[in-house]
A.B. asks: 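Below is the structure I would like to discuss, written out as structure tokens.
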Amino acid sequence: MPVEPVFLATWRFGVDAARVGWKALHDGHSALDAIEAAGNLTEEDPAVNSVGYGGLPNAAGEVELDAAIMNGADHAAGSVGGLCRTRRPISVARRVMEKTPHVMLVGDNAMLFARKEGFPEANLLTDESRQRYEEWRKTQTDSDVAHFDLGPTSHVPPKPLATPDDHDTIGLCALDAHGNLAVGCTTSGMAWKVPGRVGDSPIIGSGLYVDNEIGGAAGTGHGDEMMKACVSYRVVMLMERGLTPTEACVETLRYLLRKRPPKLHNHYGAALIAIRKDGLYGGASTYSGFHAPDRLWQWASATSEEPVLNEGCYVTRETTLKMLG
Ligand code: SD4
């Protein structure tokens with residue numbers, strides 16, 4: 001029996017991706033194709049400074065991209081980490097899935113693979129992102145840039161490195177008319193990151209996870225924290241146990257916060273979107289301001305031509321304690 005297509009995307013800028021993704025589903029394309037098309041749209045948009053072309057670079061001034069795609073029917077997955085000088089990283093990830101016996105390629109060899117697959121060498125810096133980098137660089141000493149004072153344990157927040165819009169991955173979930181699910185993630189990661197740092201977005205189970213028998217999830221936020229809790233896998237497993245998508249996202253974020261000192265909770269910006277195999281969907285975030293008080297966590301859902309922007313469902317320290325109590 002045909003299913004009503006659904007497309008989800010993180011962030012306010014995800015509205016455009018959700019529109020394109022839903023249209024692809026509506027036109028009969030697979031969930032995987034819709035994820036790739038929506039990811040490409042954001043990757044090619046120079047105005048989105050946390051994904052693809054125009055993304056903010058690492059501490060050495062190079063844009064390093066992370067992206068992944070996963071299919072719900074068969075666990076097929078492909079991913080790239082630290083991919084430089086290449087546009088459309090989610091498409092490269094799909095080629096890894098389809099053309100190699102592996103899941104993940106990283107760094108220079110991922111770039112070499114992309115070239116062999118016909119992705120041309122490309123400059124990923126825009127005038128704006130180069131200028132932002134130069135301004136940031138002036139505020140850092142050479143030793144800051146060389147090592148970063150990340151503190152003695154991972155529970156110590158990193159030195160504030162960046163501006164409020166320093167990172168925002170596009171996480172994507174799709175349910176197609178045949179009832180197949182697929183998910184994707186694509187990002188330039190944390191601005192000014194240590195060169196070589198790979199975040200949660202291309203890690204299967206962390207940035208994204210999907211299983212047609214249950215549902216799918218994708219995340220955005222402080223990847224170094226999120227990957228330690230395998231958040232997307234956890235969301236899907238909680239849905240398997242009967243939680244709704246929203247409940248599963250909330251419960252996963254409660255789990256993440258529970259493992260970290262309350263006084264640092266506002267540091268752990270983390271947000272999740274999820275969809276169940278029957279099309280029910282939801283999302284949640286650790287706190288409303290995410291990494292800046294005036295920036296609401298929002299995500300887009302499309303069940304028709306015009307996507308809706310969703311807000312709310314914030315897992316703050318207080319709601320964590322209340323729900324635990
Ligand atoms: C990362 N999770 O590289 C990404 C960044 C992000 O909202 O999504 N920020 O850690």
Side-chain angles (χ1 to χ4, degrees), residues 5-11 13-25 29-45 48 50-52 55 65-81 83 86-98 103-105 110 114 119 168-176 180-189 198-212 215-221 223 226-227 231-233 235-236 271-275 281 283 299-302 307:
V6 182
F7 200 96
L8 312 178
T10 54
W11 296 113
F13 61 72
V15 166
D16 292 336
R19 190 179 293 111
V20 161
W22 184 85
K23 172 87 167 57
L25 298 173
H29 293 285
S30 68
L32 214 50
D33 287 345
I35 293 287
E36 186 179 358
N40 286 164
L41 182 90
T42 313
E43 290 169 341
E44 292 285 0
D45 184 349
V48 179
S50 50
V51 180
L65 303 175
D66 295 340
I69 192 162
M70 186 173 189
N71 191 35
D74 54 5
H75 276 175
S79 117
V80 286
L83 177 67
T86 309
R87 286 165 92 135
R88 305 193 167 213
I90 202 165
S91 296
V92 182
R94 186 167 179 180
R95 299 286 177 93
V96 173
M97 175 177 97
E98 290 175 346
V103 172
M104 188 172 196
L105 295 182
F119 294 83
D168 280 341
T169 298
I170 189 143
L172 306 160
C173 297
L175 172 67
D176 69 25
N180 287 313
L181 291 159
V183 292
C185 262
T186 177
T187 188
S188 50
V198 173
D200 59 318
S201 308
I203 310 284
I204 305 304
S206 290
L208 70 173
Y209 190 75
V210 66
D211 183 334
N212 266 8
T220 176
M226 294 169 80
M227 72 165 86
V231 289
S232 291
Y233 182 73
V235 169
V236 174
L272 293 160
I273 52 173
I275 186 163
Y281 58 83
W299 50 282
S301 57

A.B. asks: Side chain to side chain contact (heavy atoms under 4.5 Å, CB included) with Ile203: which residues, sequence neighbours excluded?
C.D. replies: Met104, Ser206
A.B. asks: Nearest 0.5 Å, please: how far is CG in Leu208 from CG in Leu272?
C.D. replies: 11.5 Å
A.B. asks: For a quick test of reading the model, state the closest non-hydrogen atom pair linking Ser79 to Pro202 and the distance between them.
C.D. replies: OG-O, 2.9 Å
A.B. asks: Could you pull out the closest heavy-atom pair between Gly55 and Ser188, with the gap in Å?
C.D. replies: CA-OG, 3.5 Å
A.B. asks: Are side-chain heavy atoms of Val210 and Val236 found at a separation under 4.5 Å?
C.D. replies: no
A.B. asks: Test of understanding: with salt bridge (charged side-chain N to carboxylate O under 4.0 Å, His left out), list the residues that count as partners of Arg88, not counting sequence neighbours.
C.D. replies: Glu44
A.B. asks: How close do Ser232 and Ala217 get, counting heavy atoms only, and between which atoms?
C.D. replies: OG-O, 3.7 Å
A.B. asks: Sequence neighbours excluded, which residues qualify as salt bridge (charged side-chain N to carboxylate O under 4.0 Å, His left out) partners of Glu36?
C.D. replies: Arg94
A.B. asks: Does Asp200 use its side chain to pair, donor to acceptor, with the backbone of Met226 at less than 3.5 Å?
C.D. replies: no
A.B. asks: Holding to side chain to side chain donor-acceptor pair (under 3.5 Å), I want the full list of residues that pass it with Ser201, two or more places apart in sequence or in another chain.
C.D. replies: Thr169
A.B. asks: Write down the atom of Gly184, the atom of Ala218, and the distance for their closest heavy-atom approach.
C.D. replies: O-CB, 4.0 Å
A.B. asks: Is there a side chain to side chain contact (heavy atoms under 4.5 Å, CB included) between Leu32 and Met97? Walk through the geometry before answering.
C.D. replies: CA-CA 11 Å; Leu32 214 50; Met97 175 177 97; 3.5 Å; yes
A.B. asks: Taking all non-hydrogen atoms of both residues, which atom of Thr10 and which atom of Ile170 are closest, and how far apart?
C.D. replies: OG1-CA, 3.3 Å
A.B. asks: Are the side chain of Asp176 and the backbone N or O of Ser30 linked by a donor-acceptor pair below 3.5 Å?
C.D. replies: no
A.B. asks: So do the side chains of Asp168 and Phe13 get within less than 4.5 Å of each other, counting heavy atoms only?
C.D. replies: yes
A.B. asks: Nearest 0.5 Å please: distance from the CG atom of Asn71 over to the CG atom of Asp211.
C.D. replies: 10.5 Å
A.B. asks: Determine whether Leu65 and Val80 make a side-chain contact, defined as any pair of heavy atoms from C-beta on separated by less than 4.5 Å.
C.D. replies: no
A.B. asks: Does Asn212 have any side chain to side chain contact (heavy atoms under 4.5 Å, CB included) partners at least two apart in sequence or in another chain, and if so, which?
C.D. replies: Ala73, Asn180, Leu181
A.B. asks: Is there a side-chain contact between Trp299 and Leu8 in this structure, where contact means two heavy atoms from C-beta onward sitting under 4.5 Å apart?
C.D. replies: yes
A.B. asks: Please enumerate all residues that pass side chain to side chain contact (heavy atoms under 4.5 Å, CB included) together with Ala34, with sequence neighbours excluded.
C.D. replies: Phe7, Ala24, Leu25
A.B. asks: Could you tell me if the side chain of Asp45 sits less than 4.5 Å from the side chain of Val51, heavy atoms only?
C.D. replies: no
A.B. asks: Taking the side chain as C-beta and beyond, is there a heavy-atom pair between Cys173 and Tyr281 under 4.5 Å?
C.D. replies: no
A.B. asks: Can you establish whether the number of heavy atoms outside Tyr233 located under 6.0 Å from its atom OH is more than 12?
C.D. replies: no
A.B. asks: Which heavy atom in Ala77 sits nearest to a heavy atom in Ile204, and how many Å separate them?
C.D. replies: CB-CD1, 3.8 Å
A.B. asks: Do the side chains of Thr186 and Thr42 get nearer than 4.5 Å, heavy atoms only?
C.D. replies: no
